[in-house]
Amino acid sequence: MKILVIGANGRVGSLLTKKLAANKHQVIAGSRNPDPEDGSSNITHTHFNLLWDVDEMVEVISANIDVVFFVSGSRGKNLLQVDLHGAIKTMQASEKAGVKRYIMLSSIFALRPEHWNESFLNELTDYNIAKHYADLYLTTQTKLDYTILQPGALKEEPGSGKIEVNVARPGSNSISNVVDTLAAILENDSTIGKVVMMHDGETPIDEALKHVK
């Protein structure tokens, strides 16, 4: 497939781009500051700015894109224009460009405000609000074939290839496990229309995704 990764320079996006390319997909790595070509024949770097208007985004997405991954974030620097409105504009642009499959990286319990006072989440109220309304727009205001992945805190540690889903409490996630789960979601149509809440666990990723509620 031809896949656009929005946020390809981030911690998750850079690894996801390489993972998808290794899986023989043709990847368009979209970011505000594109990296130089890395030598992979399956990766093309392109400029993509979440401050653009919808029609500017459509110009990139219209290039026969099959799937859009949104894994971008401002890391708290511009929550309204990037994490919220920027994300929503990519959904609108995807629909306008005729793309159906859209996979969003979000945050644990983004759609469940009653959990925001738990653990580290109570320190991220503005972030939670931005992710909440972006996820809500995707699930209620679009006709996209979406999947939302909601992990807890991201950790720079080796991945195990094992996770838990349908979790009741936030937990840590290796970035590698999050990347592998995003890639597995693409191959698993049963995740369409689902919100996948996860943390590191004991179940192989492909098996865990079969049990998403």
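Index from 1, following the sequence.
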Which heavy atom of T203 sits nearest to which heavy atom of A208, and what is that distance? CG2-N, 3.7 Å
Please answer: with hydrophobic residues joined when any side-chain heavy atoms are less than 4.5 Å apart, are I192 and I148 in the same cluster? no
Find the distance between CD (Q81) and CG (L50) and round it off to the nearest 0.5 Å. 10.5 Å
When you measure from the side chain of E164 to the backbone N and O of E202, does any donor-acceptor pair fall under 3.5 Å? yes
Measuring from L144:CG to Q92:CD, what's the distance to the nearest 0.5 Å? 10.0 Å
Would you confirm whether T90, through its side chain, and A87, through its main-chain N or O, come within 3.5 Å as a donor-acceptor pair? yes
Do F48 and I28 come within less than 4.5 Å of each other through their side chains, counting heavy atoms only? no
Given R75 and R11, is the side-chain contact (heavy atoms from CB on, under 4.5 Å) satisfied, shown in steps? CA-CA 11 Å; R75 305 192 78 170; R11 294 186 298 169; 3.7 Å; yes
Could you label the plane-to-plane angle of the F70 and Y102 rings as parallel, tilted or perpendicular, counting under 30° as parallel and over 60° as perpendicular? parallel
So, for A63 and K2, which heavy atoms are closest and what is the spacing to 0.1 Å? O-NZ, 2.8 Å
Would a single hydrophobic cluster contain both L154 and V5, if residues Ile, Leu, Val, Met, Phe, Trp and Tyr are joined by side-chain heavy-atom contacts under 4.5 Å? yes
Going by side-chain hydrogen bond (donor to acceptor under 3.5 Å, both in side chains), name the residues that satisfy it together with K96, two or more places apart in sequence or in a different chain. D55
Under 3.5 Å side-chain donor-acceptor pair for N128 and S107: no
Does some side-chain heavy atom of T181 sit less than 4.5 Å from a side-chain heavy atom of I205? yes
Listed by chain and number, what are the ring pair (Phe, Tyr, Trp, His ring centres under 6.0 Å) partners of H199, not counting sequence neighbours? none
By side-chain hydrogen bond (donor to acceptor under 3.5 Å, both in side chains), which residues pair with Y127, not counting sequence neighbours? none
Closest contact, heavy atoms only, P151 versus L149: CD-O, 3.3 Å
Got a second to check how far L79's CG is from H85's NE2, nearest 0.5 Å? 14.5 Å
Grab the two heavy atoms, one from A183 and one from L16, that are nearest each other, plus how far apart they are. N-CD1, 4.3 Å
Could you give me the CA-CA distance, side-chain angles and deciding distance for H132 and W116, then say whether side-chain contact (heavy atoms from CB on, under 4.5 Å) is met? CA-CA 11 Å; H132 174 80; W116 293 356; 3.7 Å; yes
Non-hydrogen side-chain atoms of V99 and V67 separated by less than 4.5 Å: no
Shared hydrophobic cluster for L111 and I129 (ILVMFWY, side-chain gaps under 4.5 Å): yes
How would you list, by chain and number, every residue that makes a side-chain hydrogen bond (donor to acceptor under 3.5 Å, both in side chains) with N9, sequence neighbours excluded? S31
The criterion is salt bridge (charged side-chain N to carboxylate O under 4.0 Å, His left out); which residues satisfy it with E114, sequence neighbours excluded? none
Nearest non-hydrogen partners of I61 and A97, listed with the distance: CG2-CB, 3.6 Å
In the structure I gave you, are the side-chain heavy atoms of N177 and S160 within less than 4.5 Å of one another anywhere? yes
What heavy-atom pair brings V82 and S72 nearest, and what distance separates the two atoms? CG1-OG, 4.5 Å
Are side-chain heavy atoms of L186 and H25 found at a separation under 4.5 Å? yes
Report yes if some heavy atom in the side chain of I175 is under 4.5 Å from a heavy atom in the side chain of E156; otherwise report no. yes
State yes or no: do Y137 and V58 share one hydrophobic cluster built from I, L, V, M, F, W and Y residues joined by side-chain heavy-atom distances below 4.5 Å, directly or via other members? no
Given the rule in the side-chain contact (heavy atoms from CB on, under 4.5 Å) test, do I88 and Q141 qualify, once you have shown the distances and angles that lead to the verdict? CA-CA 10 Å; I88 288 173; Q141 302 299 313; over 6 Å; no
Using only heavy-atom distances, determine whether the side chains of Q150 and D135 contain a donor-acceptor pair under 3.5 Å. yes
According to a hydrophobic-cluster definition based on side-chain heavy atoms being under 4.5 Å apart (Ile, Leu, Val, Met, Phe, Trp, Tyr only), do L4 and W52 belong together? yes
Kindly write out the residues that satisfy side-chain hydrogen bond (donor to acceptor under 3.5 Å, both in side chains) with T191, not counting sequence neighbours, or none if the list is empty. R101, T147
Under 4.5 Å between any side-chain heavy atoms of L209 and I185, yes or no? yes
Quick one: pull up OH in Y146 and NZ in K194 and give me the separation to the nearest 0.5 Å. 9.5 Å
Close side-chain approach of K213 to V165, heavy-atom, < 4.5 Å: no
What's the separation between atom CD1 in I108 and atom CG in N173, rounded to the nearest 0.5 Å? 7.5 Å
As an exercise, state the distance from CD1 of I163 to CE of M197, rounded to the nearest 0.5 Å. 12.5 Å
